[in-house]
Amino acid sequence: MCSKFVFLLTSLFILFILLAPLTATALAEGTLEGKKILMVIAQQDFRDEELFKPKAVFEGAGASVFVAAPRNETAKGMLGGEVQPDFAISDVNASEFDAVVVVGGSGSPKYLWDDTQLRKLVKDAYAGGKVVAAICLSPVVLARAGILKGKSATVFPSSDAVAELKKGGAIYKDESVVIAERIVTGRDPASAEAFADAIVSLLRGEEPKQTSQPTQQPSSPKPAGFELFYAVLSAAVASLLTTRHLTTRRRTKRAK
């Protein structure tokens with residue numbers, strides 16, 4: 001039993017070593033210390049991983065991240081996450097931030113698309129030379145703010161969202177992440193990490209990489225490295241079962 005326990009601990013230690021680099025996505029070179037990033041979410045039904053994944057990347061790179069919502073009250077995500085916003089959108093001054101990032105989710109059309117104060121915030125940020133970004137259904141906010149005219153952009157591939165993007169003068173691209181000057185747009189929850197990487201690159205003054213992936217429908221998120229964890233855990237369980245089987249066989253032979 002002791003040897004089995006040691007094996008499990010060893011497997012988990014190896015897992016930790018292997019997963020550690022995954023928590024530092026886009027952090028290998030340079031930092032964002034001193035940078036301030038505002039992430040805007042819907043009051044209800046923001047897409048959880050489109051907030052939490054980029055936020056972890058930004059903070060890991062050294063940036064200070066703040067969250068705004070239509071009201072300074074607890075906001076709830078589609079997958080059950082809850083966030084206490086730092087600001088109401090109406091209380092935010094774009095000049096105080098280096099980037100404004102609008103998170104998507106099914107609540108975006110209801111709470112963000114028609115928010116005139118958010119449109120002003122986005123326009124002020126862009127006019128002030130800031131990085132402006134939006135993911136999933138929220139690039140529509142940028143289109144309605146008038147900053148996507150003549151620029152390539154992506155959005156969640158629903159007919160309404162794509163139509164709104166084109167109505168705002170954008171050149172629609174069905175790609176994971178699209179960068180147009182200082183504007184970054186992401187297509188869906190599966191694009192969250194690449195979306196964050198592109199924003200980090202722009203804030204560092206680096207040339208971000210365009211990302212093109214097949215369209216994926218959103219699904220329940222898996223933690224970073226989930227597949228690796230499952231593989232290691234499966235191997236550990238299989239080894240334990242094999243050891244138990246061999247031990248049982250030896251005991252049976254001795255009994256005979």
Side-chain angles (χ1 to χ4, degrees), residues 25-26 37-42 45-55 57-58 78 98-115 118-119 121-123 125-127 129-219 221:
T25 303
I37 299 174
L38 180 71
M39 301 189 74
V40 182
I41 59 176
D45 293 329
F46 64 84
R47 187 72 192 197
D48 302 56
E49 62 270 55
E50 293 171 2
L51 170 65
F52 298 121
K53 283 186 178 180
K55 186 173 185 289
V57 171
F58 301 152
M78 293 174 63
D98 298 283
V100 174
V101 181
V102 188
V103 174
S106 63
S108 182
K110 179 178 180 179
Y111 292 97
L112 303 181
W113 282 15
D114 293 323
D115 191 317
L118 177 56
R119 290 185 206 174
L121 173 66
V122 164
K123 287 194 287 187
Y126 183 68
K130 316 295 184 178
V131 173
V132 179
I135 187 170
C136 193
L137 289 169
S138 289
V140 171
V141 174
L142 309 191
R144 290 188 173 185
I147 67 171
L148 290 183
K149 291 180 181 177
K151 296 181 177 64
S152 295
T154 190
V155 70
F156 187 84
S158 74
S159 56
D160 288 347
V162 173
E164 284 290 337
L165 219 64
K166 293 178 178 179
K167 184 178 177 181
I171 303 167
Y172 171 64
K173 301 283 187 181
D174 183 14
E175 298 178 4
S176 179
V177 176
V178 175
I179 302 102
E181 300 175 355
R182 290 176 285 104
I183 299 176
V184 181
T185 49
R187 182 177 57 205
D188 48 35
S191 310
E193 199 164 339
F195 174 72
D197 288 346
I199 295 167
V200 168
S201 294
L202 284 176
L203 288 173
R204 288 180 178 154
E206 301 170 352
E207 185 69 25
K209 296 179 180 178
Q210 295 279 0
T211 304
S212 179
Q213 298 174 350
T215 299
Q216 298 181 26
Q217 294 299 324
S219 58

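Since this is a predicted model, take the numbers as computed values, not measurements.
Residues Phe58 and Ile199 have side chains in contact (heavy-atom distance under 4.5 Å, counting atoms from C-beta outward). The shortest side-chain heavy-atom distance between Ile171 and Leu165 does not fall under the 4.5 Å cut-off. Taking 4.5 Å as the limit, some side-chain heavy atom of Ser158 sits within range of a side-chain heavy atom of Leu137. Side-chain contact check for Val40 versus Leu38: some heavy-atom pair is nearer than 4.5 Å. Between Asp174 and Arg187 the shortest side-chain heavy-atom distance falls below 4.5 Å. Taking 4.5 Å as the limit, some side-chain heavy atom of Val141 sits within range of a side-chain heavy atom of Val122. By the 4.5 Å heavy-atom criterion applied to side chains, Thr185 and Val177 are not counted as neighbours. Between Ile147 and Lys123, some side-chain heavy-atom pair lies under the 4.5 Å cut-off.
In this structure, Ser152 and Ala180 approach most closely via the heavy-atom pair O-CB, 3.6 Å. Cys136 and Val155 make their closest contact through O-CG2, 3.1 Å (heavy atoms, listed as atom of the first residue, atom of the second, distance). When all heavy atoms are compared, the tightest approach of Ala198 to Val184 is CB-CG1, 4.0 Å. In terms of heavy-atom proximity, Gly186 sits nearest to Pro139 at O-CG, 4.1 Å.
In this structure, CZ on Phe46 lies 10.5 Å from CE on Met78, to the nearest 0.5 angstrom. Atoms CG and CG, on Leu148 and Leu142 in that order, are 5.0 Å from each other to the nearest 0.5 Å. Interatomic distance, CE of Met39 versus CG of Leu51, reported as 5.0 Å (0.5 Å rounding). Atom OG of Ser176 and atom CG of Asp188 lie 6.0 Å apart (nearest 0.5 Å). Note: Leu202 CG to Glu181 CD = 10.5 Å, rounded to the nearest 0.5 Å. Note: Asp197 CG to Glu193 CD = 6.0 Å, rounded to the nearest 0.5 Å.
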Let me have the donor-acceptor pairs involving side chains of residues 104-111, under 3.5 Å, with sequence neighbours excluded, atom names and distances please.
residue: Ser108; atom: OG; partner: Trp113; partner atom: NE1; Å: 3.4
residue: Ser108; atom: OG; partner: Ser138; partner atom: OG; Å: 2.8

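Every pair passing salt bridge (Lys or Arg N to Asp or Glu O under 4.0 Å) that includes a residue from residues 135-164 is listed here, sequence neighbours excluded: Asp114-Arg144, Arg144-Glu164.
The one candidate from Val131, Val101, Val200 that meets the side chain to side chain contact (heavy atoms under 4.5 Å, CB included) condition with Ile37 is Val101.
Partners of Ile135 by side chain to side chain contact (heavy atoms under 4.5 Å, CB included), not counting sequence neighbours, listed by chain and number: Glu50, Ala192, Phe195.
When atom types are taken as modelled, the side chain of Arg182 and the backbone of Tyr126 share a donor-acceptor pair closer than 3.5 angstrom.
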